[in-house]
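Here is the structure we will look at.
Proteins get letters first, then strands, A, B, ... in listed order; numbering begins at 1 in each. If you're wondering where the values come from, they're calculated on a predicted model, not measured in any experiment.
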Amino acid sequence: MSLATTYSPTDVEAKWYQRWQEQGFFKAKPNPKKKPYTVVIPPPNVTGVLHMGHMLNNTIQDVLVRRARMQGKEACWVPGTDHASIATEAKVVALLKEQGINKTDLTREQFLSHAFEWKDKYGGIILEQLKQLGASCDWDRTRFTMEPDLTDAVLRVFVDLYNKGLIYRGVRMVNWDPEGRTAISDEEVIAKDVQAKMYYLRYEIIEPRTQNSEFRSLETENAGQASEFSVLNSKFLTVATSRPETIMADVAVAVNPNDPRYAHLAGAQVRIPLLGREIPVIFDEYVSVDFGTGALKVTPAHDLNDYELGVKHNLPVIDILADNGMLNEKAILYVGQDRFAARKQIAKDLQEAGLLEKIEEYASIVQTSERTKAVIEPKLSLQWFMKMEQMAKPALDVVENDTVRLHPPKFKNMYRAWMENVRDWCISRQLWWGQQIPAYYLPDGTFVVALTAEDALQQAIAQTGNADLQLSDLRQDEDVLDTWFSSWLWPISVFDGFKDPDNADINYFYPTNDLVTGPDILFFWVARMIMAGLEYRQEVPFKNVYLTGIVRDAQGRKMSKQLGNSPDPLDLIAQYGADGVRTGMLFSAPAGNDLLYDVKLVEQGRNFSNKLWNAFRLVKGWEADAALPFVNEKAVTWFNAKLQAAIVEMDDHFEKFRMSDALMTIYKLVWDDFCAQYLEMVKPTYQHPIDAETLRHTTAYLETLLKLLHPFMPFITEELWHELAERGPRDYVTVAPWPRATAPANSAETLASMDKALAIVAGIRTVRNQKNLGPNKPLALVAKTDDSQLLTDYDGIVRKLGSISEVSFADAGPAASVSFVLGGSEFFIPLEGHIDLDAERARLEKELEYAQGFRDSVQKKLGNEKFAQNAKPEVLEKERQKLADAEAKIAALEQALKGL
RNA sequence: GGGGGAUUAGCUCAGCUGGUUCAGAGCAUCUGCCUUACAAGCAGAGGGUCACUGGUUCGAACCCAGUAUCCCCCACCA
């Protein structure tokens, strides 16, 4: 035989992927005779490269899609990429900077042409990488969230929601990313724990109502300076803040009206330290008496609560921060300095001016940008928002009532909490890479919203009554829309469901079936897709959401470039084969659980490929001889029973989205039952032919196993499918029918009997191990049993697997023999010269003792009257059976001991 | 601060409605084997107070309460 002893995947994988494409197996089109099965890919960033998270996610999708295809469904997996506005724009800006070009020096058009250049160069690399993984996407359907058709969808939806009153423009406190210089949504903000400092600043009191007040601020920690402070404290109001650089934007100091320490300050003014501006002391219940000093500086431009306080008390807003996080001219002091530099400097200056009472360490949180990692500044700004409440309600209902099922279901809680507290979505971004907002401003300052500039002009004319308005009089909004404002339409827009809502594709493929994604974008994306689906199709976008975990390293750390603990997926594929990597990832990845990646997993996957390869090699090498009788009926019947049970089990696992368990089922069936047991049972002696009937069954079994494995290991199964037999031009395992479980007659008996026979074999092998006899030394077996039929039926198997040369029955074992007990039967292996009687006796006594203890406990249980009264009849019956078995075993063991 | 989840073998995890699937799986470990498909392998073995403390029950890994530890999500006390 010329086949190599190890499987080498590289050439095989390239070959089959190409042939699948040539055959068009992944192409899907509406077919009324078949049920659709649709998955839309979570579109990766267009300029991204494949990482381990993608590998896991896309492997799962491919397993689902390939199985559905084999089940005869019209399987449609739509691939594509996301323009990822803020991330991509940041990349392009950085790249241009390297070339000495500043974004600010470019026009919008110039910048976009650079961006598209970048996109054309790197865009879609990730899709090519997915092919190496084996992803069976319909590549003809590849979409890009910023391509014309999808942009059209975005604009239509924007206009529609605006007309429905669900989109509005307004001044609100938003999350400002000074790095990306754009507003971002609440969901894009990550809270981070930090060790910050609390600065206690002295605001000079200008008009205290009573002169000789006895109020004191908080005790100072520094006793040595206490006397000095007590004087000062009578003239100053101490305010605690973590952001001293914002004092230039202060418009008041607030205290609680019920705080006796500050009651006398009614009507007072205080002076902002260093700056000197006078601001009022205001009273509001909002202020906590027991936090800080009980006095709060009010800075409406740079804090949401302060903003609300400001509105309530009719205070002005002074915004001292520029878009890039530097202090602007309104700050008067520290203009042009970054806010963090200014903070250091002002602390120093305050200290020198004697206006800084103390600095305390303070555990706090800062809000950071998910994309740029920059510290977020709350900023009052004019943005576009989408009202969420109205859409959230039905989107919550469909998850609550399981129209959309989350796997695992624990995510339902998370989903509910978010949907019940959803806030309006800030959808405008001060970027260029994205869909420009279709709002057009008129010379009079009003605006219209329309799909095209021409429509806008018509509207503007109608609105103003000014027929002389020209296109050039309109100015389109500079901002673009949040990336998620295109992604949320993905399951509809990829089938052109907005432009052409009644087309054949959308009618057939929508709603999709399963969505596979990470829980980190449950709100960003999944929830919003559900909203869009219900709003625009009156139907959920998918029925199941499979939430993967995060891929971590073996120590449980997140994979990151800094740590260098993330393997290159393509290297892994080259080294272990795509099949090995796919199975490796799935071995240990229950839904919702993080995957602790270890190279051992992909090794195990590769080893499994190799095991399968060698099983094939063995079968392929057999020569059939039609003249030989069929001697393997027991083995054949047994394996069929195993196989059918495994199919049922796999289907059940798939039904419940337990992918790892489904894989483990077929893994054990192949490795343990097929290779370790079945093939060993039927294997002919070396260079001897096999009977035709056995070969026929074995080949058929192997084919079925290849089908069951194919979703997990598409490449090797296709290779072996074609190696195993001559195939017709369209006969590929990729499109072979998924095996349907049948229920073989007497399956339970078949399995139970073989278990008993294999237990005898295991007993023999244990003796071989204990006595250090090789695996092939022929031994005799003597049985003392009431069930001689079993041994007669399975005679061939016991002889073959146990290397037993003769089997006989007797009432007592030969003197010099080793024995073992199974159930009520005793088995002896005569072994002259290998017997240590004392050791044998000790071993049997130990076993006897255990059996007696077991019997006693069962007896006790059965003797308990309450148990007898309350337990279900079948439970009682089982207990009685346990007792009988134990007693039989005890009797056999006692016999064995006597015989020694 | 609010909410959710977890804790079972060295590791990663199953264990559905309380009782033979009840203490499991894979990997790892140990022992012996290069036995003509496979050493990327074969045969066998060991390993757990089911986090802790109580309770309910004839019976608890499973139900209840409390404790501890860990993880996740949400959150505007300066």
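- Looking at residues two or more places apart in sequence or on another chain, you find no side chain to side chain contact (heavy atoms under 4.5 Å, CB included) involving Thr10(A).
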Its contact letters, B for base, S for sugar-phosphate only and - for none at protein heavy atoms under 4.0 Å, make nucleotides 72-78 of chain B read -S-SBBB
Symbol by symbol from the 5' end, with Watson-Crick or G-U pairs under 3.5 Å, [ ] crossing and | another strand, RNA chain B is (((((((..((((.....[....)))).(((((.......))))).....(((((..]....))))))))))))....
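- For Phe587(A), the ring-ring contact (aromatic ring centres under 6.0 Å, His included) partners at least two apart in sequence or on another chain are Tyr667(A).
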A correct 5'-to-3' footprint of nucleotides 6-11 of chain B, with B, S and - meaning base, sugar-phosphate only and no protein heavy atom under 4.0 Å, is ------
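- With sequence neighbours excluded, no residue satisfies salt bridge (Lys or Arg N to Asp or Glu O under 4.0 Å) with Asp856(A).
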B/S/- along nucleotides 58-65 of chain B (protein heavy atoms under 4.0 Å) is B-------
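- With sequence neighbours left out, Asp259(A) forms a salt bridge (Lys or Arg N to Asp or Glu O under 4.0 Å) with Arg261(A).
- By the 6.0 Å and 45° rule, Lys197(A) does not stack over the aromatic ring of Tyr362(A).
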Might you list the N or O atoms of the protein lying below 3.5 Å from N or O atoms in nucleotides 23-28 of chain B, with each pair's distance?
from: rA25(B); atom 1: O2'; to: Lys668(A); atom 2: NZ; distance (Å): 3.3
from: rG26(B); atom 1: O2'; to: Gln604(A); atom 2: NE2; distance (Å): 3.1
from: rC27(B); atom 1: OP1; to: Tyr667(A); atom 2: OH; distance (Å): 3.3

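- With sequence neighbours excluded, no residue forms a side chain to side chain contact (heavy atoms under 4.5 Å, CB included) with Lys800(A).
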Heavy-atom contacts, protein to nucleotides 30-35 of chain B, under 4.0 Å, summarised as B (base), S (sugar-phosphate only) or - (none) per nt, yield --S--B
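- Phe523(A) pairs by the ring-ring contact (aromatic ring centres under 6.0 Å, His included) definition with Trp418(A), not counting sequence neighbours.
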